[in-house]
Amino acid sequence: MIHFDKLEENIEEFRIKYLTNQPFSYLIIDDFCDEDKLQKLRSQIPELNNKSRDYMFANNKFEKSNYKELGPLFDELYNDLKSDRFNKFLSYISAKEVFVDPKNHGGGLHQGKKNSFLDMHLDFNYHPINKNWFRQMNLLLYLNTDWKEEYQGHLKIEDLRSGVKKELAVPFNRLIIQECGRHTLHGYDLTSFPEGNFRTSVATYAYTLHKTHMETPRTTDWFPGEDSSKIKKLVAQNFDFAVKIKNKLFGSGTAKNQ
């Protein structure tokens, strides 16, 4: 389903863009998949009812981790994204040995319904099961048919070191590859999609191997806006500690999400 020939024919251009884009490494690839197949896949997506575990830091955001069970086209996309051919592409553009998590822990089909938002955050850095896998990239394939700027839901990215920000549009069949690190904040503001039309994407995560931990392992680190409530800011400050305690007692929800 992925246009692999296009990726490989333009790999030098994609590499330069990924490595030089600001405020941190990212890459936009339009017409990422076969248009007809992806339109058919989009038409087969049901309304999701499994709410994400982002708590007060998101609104009306739903997910389905094991989306490949929805049908043959979903399975085809899933297998393309974790293929050796795609891993080779990701490794070349990033100048690192990168591989997609074959079980896609924490990823999947995401659906933002009416008034959906996702606060700015840093993702967890080390894999919940394979402890020496460092999360290197987010791969976000957008399925927003007939998307318009006024619908909002742009991917917002910000370098935590410099404060430099950018907003990226999220139209149908656009893949955004985004670096993950201690400084790579991202999220999206309150959406205003038409009734029955949802902010829809497939999230996949890619990793590199670390012989030893180069950072202290963390869970998702939240950065709510300045206009957020005092309670929300207080929860954000203590979220990592609370989740680590919960994981020790009950296990990681992300590890079970595959």
Side-chain angles (χ1 to χ4, degrees), residues 1-4 7 29 31-55 58-90 98-114 116 118 123-124 127-130 133 135-145 147 153 155 170-178 180 188 191 193 196-207 220 247 250-258:
M1 183 179 293
I2 292 175
H3 282 153
F4 282 113
L7 300 187
I29 304 176
D31 191 30
F32 178 67
C33 289
D34 179 278
E35 182 81 10
D36 291 338
K37 283 187 174 183
L38 200 64
Q39 287 281 7
K40 188 174 180 181
L41 178 150
R42 179 66 178 83
S43 71
Q44 296 173 6
I45 296 175
E47 183 172 351
L48 305 182
N49 53 26
N50 181 37
K51 207 158 192 178
S52 73
R53 292 186 301 272
D54 298 312
Y55 308 102
N59 183 60
N60 252 1
K61 182 171 174 280
F62 296 80
E63 61 187 27
K64 182 173 180 58
S65 52
N66 191 22
Y67 65 87
K68 64 180 179 179
E69 69 182 16
L70 290 174
L73 288 173
F74 296 88
D75 187 62
E76 181 181 350
L77 175 62
Y78 183 92
N79 285 311
D80 274 3
L81 286 168
K82 69 182 183 69
S83 67
D84 289 341
R85 194 173 183 183
F86 194 48
N87 286 341
K88 185 177 179 181
F89 171 79
L90 296 175
V98 176
F99 58 93
V100 167
D101 176 5
K103 293 190 175 180
N104 203 24
H105 285 91
L109 182 62
H110 293 172
Q111 198 173 75
K113 299 184 183 180
K114 186 176 181 179
S116 173
L118 181 64
D123 292 312
F124 67 84
H127 194 278
I129 295 176
N130 302 288
W133 290 13
R135 186 160 161 180
Q136 191 68 48
M137 291 173 163
N138 289 342
L139 315 170
L140 306 171
L141 175 59
Y142 290 98
L143 304 175
N144 301 315
T145 51
W147 181 81
L155 176 65
V170 289
F172 184 79
N173 205 3
R174 168 172 286 185
L175 181 76
I176 299 180
I177 302 174
Q178 173 224 309
C180 289
Y188 65 88
T191 61
F193 278 60
N197 189 0
F198 308 132
R199 186 187 192 274
T200 307
S201 62
V202 172
T204 306
Y205 308 134
Y207 294 81
T220 304
N247 288 348
F250 305 107
S252 167
T254 302
K256 300 170 185 174
N257 182 10
Q258 58 174 298

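- Cation-pi check for Arg199 over Phe193 is not met; the charged atom does not lie both under 6.0 angstrom from the ring centroid and within 45 degrees of its normal.
- Although no hydrogens or angles enter the test, the distance criterion places no donor-acceptor pair under 3.5 Å between the side chain of Ser65 and the main chain of Gly107.
- The shortest distance between side-chain heavy atoms of Phe198 and Asn60 does not fall below 4.5 Å.
- Here the side chains of Cys33 and Ile2 are in contact, with some heavy-atom distance below 4.5 Å.
- Using a 4.5 Å heavy-atom threshold, the side chains of Phe32 and Leu139 count as separate.
- Taking the side chain as every heavy atom from C-beta outward, Tyr142 and Leu155 approach each other to under 4.5 Å.
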Side chain to side chain contact (heavy atoms under 4.5 Å, CB included) between Leu140 and Leu175, worked out: CA-CA 5 Å; Leu140 306 171; Leu175 181 76; 5.6 Å; no
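- Atom CH2 of residue Trp147 and atom OG1 of residue Thr191 lie 11.5 Å apart, to the nearest 0.5 angstrom.
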Derivation and outcome, side chain to side chain contact (heavy atoms under 4.5 Å, CB included), residues Tyr205 and Val100: CA-CA 6 Å; Tyr205 308 134; Val100 167; over 6 Å; no
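- Inter-residue side-chain proximity for Ile45 and Gln111 is flagged as met; some heavy-atom pair is nearer than 4.5 Å.
- Rounding to the nearest 0.5 Å gives a distance of 14.0 Å between CZ of Phe74 and CG of Asn79.
- At least one side-chain heavy atom of Leu109 sits less than 4.5 Å from a side-chain heavy atom of Leu70.
- If you take NE2 on His105 and CG on Asn130, they are separated by 7.5 Å, rounding to the nearest 0.5 Å.
- Tyr67 has its side chain within reach of Asn104: a pair of non-hydrogen atoms, C-beta onward, lies under 4.5 Å apart.
- Contact between Asn144 and Val170 at its shortest, heavy atoms only, is ND2-O, 2.8 Å.
- The line from CG of Asn197 to OG1 of Thr145 is 5.0 Å long, rounded to the nearest 0.5 Å.
- Tyr207 and Trp133 have tilted rings, their planes meeting at an angle from 30° to 60° on a 0 to 90° scale.
- Remark: the backbone N or O of Thr220 is not paired with any side-chain donor or acceptor of Asp123 at under 3.5 angstrom.
- A donor-acceptor contact shorter than 3.5 Å links the side chain of Glu76 to the backbone of Met1.
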Leu77 and Leu81: CA distance, side-chain angles, deciding distance, side chain to side chain contact (heavy atoms under 4.5 Å, CB included) verdict: CA-CA 6 Å; Leu77 175 62; Leu81 286 168; 3.9 Å; yes
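- A distance of 10.5 Å separates CD of Gln178 from CE of Met137, quoted to the nearest 0.5 Å.
- Residue Asn173 is tested with Arg42, Glu35, His3, Gln39 for a side chain to side chain donor-acceptor pair (under 3.5 Å); the sole match is Glu35.
- Val98 is not listed as a side-chain neighbour of Asn87, based on a closest heavy-atom distance of 4.5 Å or more.
- More than 12 heavy atoms of other shown residues, nucleotides or ligands fall within 6.0 angstrom of atom NZ in Lys82.
- Closest approach of Asp80 to Phe86, counting heavy atoms only: O-CB, 3.5 Å.
- For the pair Phe89 and Ile177, the tightest heavy-atom approach, listed with the atom from each and the gap, is CE2-CD1, 4.3 Å.
- Rounding to the nearest 0.5 Å places CG of Leu90 at 13.0 Å from CZ of Arg85.
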Evaluation steps, side chain to side chain contact (heavy atoms under 4.5 Å, CB included), between Asn59 and Lys61: CA-CA 5 Å; Asn59 183 60; Lys61 182 171 174 280; over 6 Å; no
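- Ser83 and Phe4 get closest at one heavy-atom pair: OG-CZ, 3.6 Å.
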